[in-house]
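What you are looking at is a predicted structure, and each value in this text was computed from that prediction instead of being measured. A note on names: the letters A, B, ... follow the listed sequences, proteins ahead of strands, and every chain is numbered from 1.
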Amino acid sequence: MKSGSVFCEVEECSGLAENVFSIWLKADREILAAAQPGRFLHILCPEGSLLRRPISICQTQGDMLRLVFEVKGEGTRWLSRRRRGDSLDILGPLGSGFDLSGGPLLLAGGGIGAAPLLFCAQMKRCDAVLGFASGQKAVLLSEFASACDGAEFSSDDGSLGRRAYVTELLEERLRSGGYKGVLACGPEPMLRIAAGLCRDYSVPLQVSLEQRMGCGVGACLVCSCRIVKDNREGYARVCRDGPVFRASEVVWDD
Amino acid sequence: MKSGSVFCEVEECSGLAENVFSIWLKADREILAAAQPGRFLHILCPEGSLLRRPISICQTQGDMLRLVFEVKGEGTRWLSRRRRGDSLDILGPLGSGFDLSGGPLLLAGGGIGAAPLLFCAQMKRCDAVLGFASGQKAVLLSEFASACDGAEFSSDDGSLGRRAYVTELLEERLRSGGYKGVLACGPEPMLRIAAGLCRDYSVPLQVSLEQRMGCGVGACLVCSCRIVKDNREGYARVCRDGPVFRASEVVWDD
Amino acid sequence: MIDLSVNFAGVRFKNFVTVASGTFGFGREYSEYFDLSRLGGICVKGLTVQPRDGNPPVRIAETPGGILNSVGLQNPGVDAFIKTELPFLRGYDTRIIANISGNTPAEYALMAKKLSDAGIDIIEVNVSCPNVKAGGIAFGTDPCLAAEVTRAVKTVSEVPVMIKLSPNVTDIVSIARACEDAGADALSLINTLLGMRIDPRTGRPVLKNITGGLSGPAIFPIALRMVWQVCSAVSVPVMGMGGVSDTEGALEMLWAGASLVSAGTALFKDPLAAVSIVEGAETFFRENNMKGPCDIRGKLKLYD
Amino acid sequence: MIDLSVNFAGVRFKNFVTVASGTFGFGREYSEYFDLSRLGGICVKGLTVQPRDGNPPVRIAETPGGILNSVGLQNPGVDAFIKTELPFLRGYDTRIIANISGNTPAEYALMAKKLSDAGIDIIEVNVSCPNVKAGGIAFGTDPCLAAEVTRAVKTVSEVPVMIKLSPNVTDIVSIARACEDAGADALSLINTLLGMRIDPRTGRPVLKNITGGLSGPAIFPIALRMVWQVCSAVSVPVMGMGGVSDTEGALEMLWAGASLVSAGTALFKDPLAAVSIVEGAETFFRENNMKGPCDIRGKLKLYD
Ligand SMILES: Cc1cc2nc3c(=O)[nH]c(=O)nc-3n(C[C@H](O)[C@H](O)[C@H](O)COP(=O)(O)OP(=O)(O)OC[C@H]3O[C@@H](n4cnc5c(N)ncnc54)[C@H](O)[C@@H]3O)c2cc1C
Ligand SMILES: Cc1cc2nc3c(=O)[nH]c(=O)nc-3n(C[C@H](O)[C@H](O)[C@H](O)COP(=O)(O)OP(=O)(O)OC[C@H]3O[C@@H](n4cnc5c(N)ncnc54)[C@H](O)[C@@H]3O)c2cc1C
Ligand SMILES: Cc1cc2nc3c(=O)[nH]c(=O)nc-3n(C[C@H](O)[C@H](O)[C@H](O)COP(=O)(O)O)c2cc1C
Ligand SMILES: Cc1cc2nc3c(=O)[nH]c(=O)nc-3n(C[C@H](O)[C@H](O)[C@H](O)COP(=O)(O)O)c2cc1C
Ligand code: FES
Ligand code: FES
């Protein structure tokens with residue numbers, strides 16, 4: 001039996017970049033055992049809000065677990081104001097994560113989408129291409145640089161690394177060949193382009209999708225995304241069937 | 001023009017007795033100037049609650065203002081958890097307070113009703129009779145003992161002072177005579193008995209009433225109590241026409 | 001230049017923000033907190049032909065994200081209002097909207113005539129008070145009765161007539177249409193939803209009146225939906241209210257089609273809530289290079 | 001000895017707490033968090049004759065104290081439920097309530113027959129889903145149609161039939177009475193209130209479906225009022241729901257007259273919410289020297 005929601009103590013909460021924060025949580029054995037790249041915690045961010053917020057696990061270290069997130073609204077703003085010693089009411093880890101079997105693997109991250117990919121790099125040596133809007137928005141650069149063999153960075157405005165979209169870096173890597181799989185996380189337009197590229201180069205792509213959630217455990221069916229499986233198109237649950245899906249199965253919105 | 005709600009910094013929050021807490025607030029000049037015995041602050045105690053909580057001013061000292069309150073529900077529980085440096089969103093001081101003119105005056109307090117009476121004693125030398133459920137529930141004893149000429153205490157169970165209801169102490173004082181007015185605050189049954197006694201002994205009584213409030217400023221008409229004025233019975237607003245009323249005008253519920 | 005003004009049923013409002021009936025008394029108390037001239041308009045406490053005492057306390061209860069009230073139309077009567085309160089309100093440069101409740105169409109007409117003669121800016125006809133037995137809500141839940149009251153008031157009023165609709169109905173659009181067809185110059189919605197609380201320990205209703213009207217943020221999504229439905233169905237202008245507590249909520253009401261937006265319960269938390277909405281809206285329009293409400297009013301972007 | 005059990009329309013529930021349709025799927029997911037046998041009963045996700053895909057996302061929006069959902073009855077169809085899900089649920093010692101939605105009375109009857117034959121404990125007839133165009137809510141807002149569906153289901157069902165009422169009506173009591181007169185064995189209420197949210201910056205509805213059903217604590221006072229009104233008017237037992245999120249809310253429902261109490265949205269915050277209510281109620285009754293729900297059910301203490 002899983003436990004219900006549990007309280008985890010905040011070890012550290014700090015700003016990483018413009019509007020991006022990092023929280024280290026003390027976690028119990030059960031949570032650490034269930035933590036896997038691509039899985040997420042469903043976090044209560046009160047102040048009158050009813051729904052939990054899903055945040056991917058960014059990495060683990062000893063008995064600690066890290067979240068890296070961008071402030072988007074009330075919930076993440078509340079989260080960014082936690083301090084050492086505060087406790088967070090969390091449910092999870094939830095969802096099904098990245099499949100890290102086979103290799104070599106390439107990680108492709110856009111913006112805050114880099115967070116869950118770091119956990120992949122921690123579990124298995126991979127290459128990585130990461131794109132950010134600007135240098136001010138970039139996070140986890142040193143972590144990726146040390147965890148990955150060939151980590152390459154770009155920014156939309158050229159203030160960090162090359163001036164390029166991350167999908168351009170991805171295409172170059174695909175062109176040079178050799179990857180047995182790509183794992184991507186980032187804004188939907190990026191994932192859609194990545195899906196096209198990986199299809200063209202016949203490299204299996206896994207993507208981590210986002211959708212607004214209710215229960216987070218698979219019971220309420222609000223977090224749907226469109227999937228084709230066994231030739232049938234239908235809705236899958238981001239919270240349980242995902243958040244990581246094979247890109248070849250995802251029906252992209254237009 | 002009054003300012004709207006303002007933030008006041010908590011200087012100290014401490015437990016005084018079983019479920020009773022004391023908060024010292026730093027207040028600006030405007031608030032201190034408007035603070036008067038019997039007036040109250042309307043305090044936002046969030047955690048999903050919309051309505052402010054009315055708490056009487058218990059005393060002032062320098063640029064500080066004190067509240068003494070009992071934990072009754074979510075709002076006061078939240079309030080009891082404030083810490084030095086936190087800030088409170090307050091509206092007020094509101095309402096019309098005690099009339100301290102004339103004398104000698106007797107203060108009659110039941111339980112937490114002692115709080116606003118201390119402010120009276122601070123402004124003007126008075127006598128006081130105070131009753132509590134038990135010694136564990138008693139508060140502000142030393143403050144009253146030093147602020148008042150003859151402060152007498154009782155408790156329902158005899159664990160503090162005499163075993164008696166405060167209305168018994170009140171009647172003894174009224175019998176011995178000499179008071180030009182009584183100021184009372186406490187649970188409604190106590191106030192009702194006090195009203196009967198003061199009528200019998202022809203001593204003017206002022207009572208501080210409680211009612212659930214909305215706006216706190218007199219606009220929404222939810223905080224009504226039954227009053228006879230100019231021979232007409234009707235509803236008055238506890239928040240603005242009171243909370244202090246002449247007992248002779250109050251129509252008591254049965 | 002931002003222009004927040006609105007022409008509402010022929011009456012010019014300096015801005016689109018008003019305060020809701022029953023939450024603002026006759027303005028005296030809040031006038032100590034801000035200059036009432038900063039408001040687009042003021043809906044005064046509901047008036048009746050005779051003075052009314054209202055319901056016995058307890059009259060208010062808290063609920064998650066909302067409150068229940070059972071004031072029951074305590075007011076000094078329409079004559080006292082005109083004599084004592086209106087002159088005070090006329091000292092401010094803002095529109096005054098009189099809110100009236102009657103037991104019969106004739107009572108509504110009687111009050112409307114007096115108020116129209118007294119030069120009120122708009123008459124808001126409350127056919128939706130859930131806290132009184134006679135009249136009130138009965139008129140607001142039946143299209144025929146709502147139309148009858150509308151006609152009675154229109155016959156005598158020389159100022160625009162706005163009917164205030166109840167949300168406690170199956171089909172608010174049919175009532176809105178009936179009022180429009182009967183000559184209403186505008187509509188306002190929503191009044192409170194009928195609700196209840198019980199003390200779980202004692203089994204006593206928290207309100208002495210047992211039930212009361214639910215207002216505040218909790219009802220906002222319902223109010224917004226109804227405003228959108230009504231605005232999509234009628235061509236008279238609409239004053240949207242129900243749980244509006246900040247600039248965002250007011251903007252949502254505008255997108256849904258409201259011409260004026262009213263805040264009520266929000267004032268209990270922050271006496272300056274309505275004024276903050278005026279300021280917040282100004283900032284929003286400036287930052288988005290818009291002229292004002294007209295750039296978004298009713299322009300909800302539907303998916304195709 | 002505390003006894004939380006309830007005889008509900010002839011079916012014995014081990015305790016009075018159930019989980020609301022659509023918030024609990026078919027129980028598989030939450031079975032990982034607690035033993036489903038701790039619940040009095042489980043209302044399964046709404047079923048239709050054919051499998052349904054539901055509405056496109058976004059399907060959920062937050063509101064103050066509540067949520068809007070527009071799932072639109074995504075489900076595998078009644079046959080798949082009976083074949084694949086029911087056997088799993090039967091592994092637990094708890095009552096299983098099948099929730100059905102049809103486009104016609106005949107569809108309701110078809111499903112009821114299958115479920116009755118499959119040995120479901122109770123059939124909950126959803127005439128109140130605000131998220132689908134055909135059927136659903138239309139049946140729940142008209143006493144005659146509600147009665148028609150009730151009769152259609154009653155004719156074929158050998159297990160008790162419970163009609164789930166919509167709160168989006170002027171007079172819920174008239175619908176409740178019509179269902180009772182048509183033979184309903186029980187009533188459940190409330191389903192969600194129709195609501196809407198708009199992104200204030202872009203003017204887009206948050207939900208792709210534009211409107212959705214409001215649930216959660218925000219609607220509790222409305223639900224409680226309706227449960228009280230209906231319980232005061234009918235003699236069949238009532239399952240009360242709508243914003244129940246803790247023991248206090250469940251107790252309020254009991255005082256108002258509910259025999260069973262259901263929690264839905266509360267599970268999203270705390271998967272163990274329903275189980276905590278069972279435990280909290282036990283403590284309450286023990287501390288107050290009561291036997292159980294029967295000591296307070298419908299015993300609201302009115303003022304005189
Ligand atoms: C599986 C998953 C993993 C995620 N991991 C991360 C992460 O590691 N770091 C990070 O910065 N962000 C992550 N997100 C996005 C994050 O959940 C949202 O930014 C956050 O919920 C916004 O909440 P808010 O209250 O600040 O914003 P608001 O916009 O005020 O939120 C309103 C509502 O919409 C929901 N919502 C808004 N945006 C999103 C979104 N993009 N996805 C899902 N729900 C949303 C909120 O949960 C809330 O219910 C993840 C999302 C998913 C689905
Ligand atoms: C003018 C005035 C002055 C007061 N001064 C003091 C004081 O100095 N010290 C003190 O301990 N208490 C004082 N009270 C009582 C205090 O306001 C309540 O105990 C408090 O509001 C309870 O809030 P809660 O959230 O803890 O309880 P809950 O019972 O959860 O509150 C629910 C709702 O009921 C209202 N409410 C509950 N009890 C009362 C009450 N007795 N009076 C008014 N509203 C109530 C709350 O404000 C809230 O809106 C005063 C009340 C009034 C009217
Ligand atoms: C205490 C109180 C008193 C009210 N009195 C009236 C009234 O007299 N006439 C009326 O039409 N509406 C009255 N209302 C309803 C409000 O005008 C408004 O329609 C409702 O509260 C919804 O808006 P809100 O959520 O912003 O408060 C009252 C509301 C409250 C809270
Ligand atoms: C996501 C979601 C899906 C729902 N699906 C159904 C459904 O399929 N059938 C039904 O009768 N009610 C459905 N409901 C309504 C609930 O059963 C319940 O009546 C309502 O949510 C009020 O209770 P609550 O506030 O405890 O959630 C659904 C509610 C939610 C939140
Ligand atoms: S959030 Fe409930 S099914 Fe995914
Ligand atoms: S609380 Fe509004 S008038 Fe007193």
Who wins among C:L272, C:D35, C:D53, C:T265 for the most heavy-atom pairs under 4.5 Å with chain B? C:D53
Would one find more than 12 heavy atoms of other residues, nucleotides or ligands at under 6.0 Å from atom CZ of C:R90? yes
Side chains of B:V222 and C:F268: closer than 4.5 Å at any heavy-atom pair? no
Measure B:L94 against the heavy atoms of chain C and call it side chain, backbone, both or neither at under 4.5 Å. side chain
Between CG of C:D270 and OG of B:S5, what distance do you get to the nearest 0.5 Å? 5.0 Å
Contact between B:C220 and C:N69 at the side-chain level, heavy atoms closer than 4.5 Å - yes or no? no
So for atom CZ, which belongs to B:R29, do other residues, nucleotides or ligands contribute more than 12 heavy atoms lying within a distance under 6.0 Å? no
Surrounding CD of C:Q50 (heavy atoms of other residues, nucleotides or ligands, distance under 6.0 Å), is the total greater than 12? no
I need the minimum non-hydrogen distance between B:A219 and C:Y30, along with the two atoms involved. CB-CE1, 3.4 Å
Is the count of non-hydrogen atoms from other residues, nucleotides or ligands lying under 6.0 Å from B:Y165 atom OH greater than 12? no
Contact class of B:R52 relative to chain C, heavy atoms under 4.5 angstrom: side chain
Residue that, paired with B:R212, satisfies side chain to side chain contact (heavy atoms under 4.5 Å, CB included) out of C:L207, C:I67, C:V58: C:V58
Side chain, backbone, both or neither: which part of B:L51 has a non-hydrogen atom closer than 4.5 Å to chain C? both
Looking only at non-hydrogen atoms, find the nearest pair between C:R59 and B:Y235 and report the distance. NH2-CD1, 3.0 Å
Does B:R237 reach the side chain of C:Q74, with side-chain heavy atoms less than 4.5 Å apart? no
Between C:E62 and B:S49 the two heavy atoms that sit nearest each other are OE2-CB, 3.2 Å
Most heavy-atom pairs under 4.5 Å with chain C, out of B:S224, B:G4, B:C225, belong to B:S224
Under 4.5 Å from any heavy atom of chain C - which part of B:L221: both
Region of C:V19 that comes under 4.5 Å of a non-hydrogen atom in chain B: neither
Taking side chain to side chain contact (heavy atoms under 4.5 Å, CB included) as the definition, give me every residue that meets it alongside B:A184, ordered by chain and number, with sequence neighbours left out. B:A108, B:M190, B:L191, B:L205, B:V207
Where on C:P51 is there a heavy atom nearer than 4.5 Å to chain B: the side chain, the backbone, both, or neither? neither
Does the side chain of C:I60 reach to within under 4.5 Å of the side chain of B:M213, using non-hydrogen atoms? no
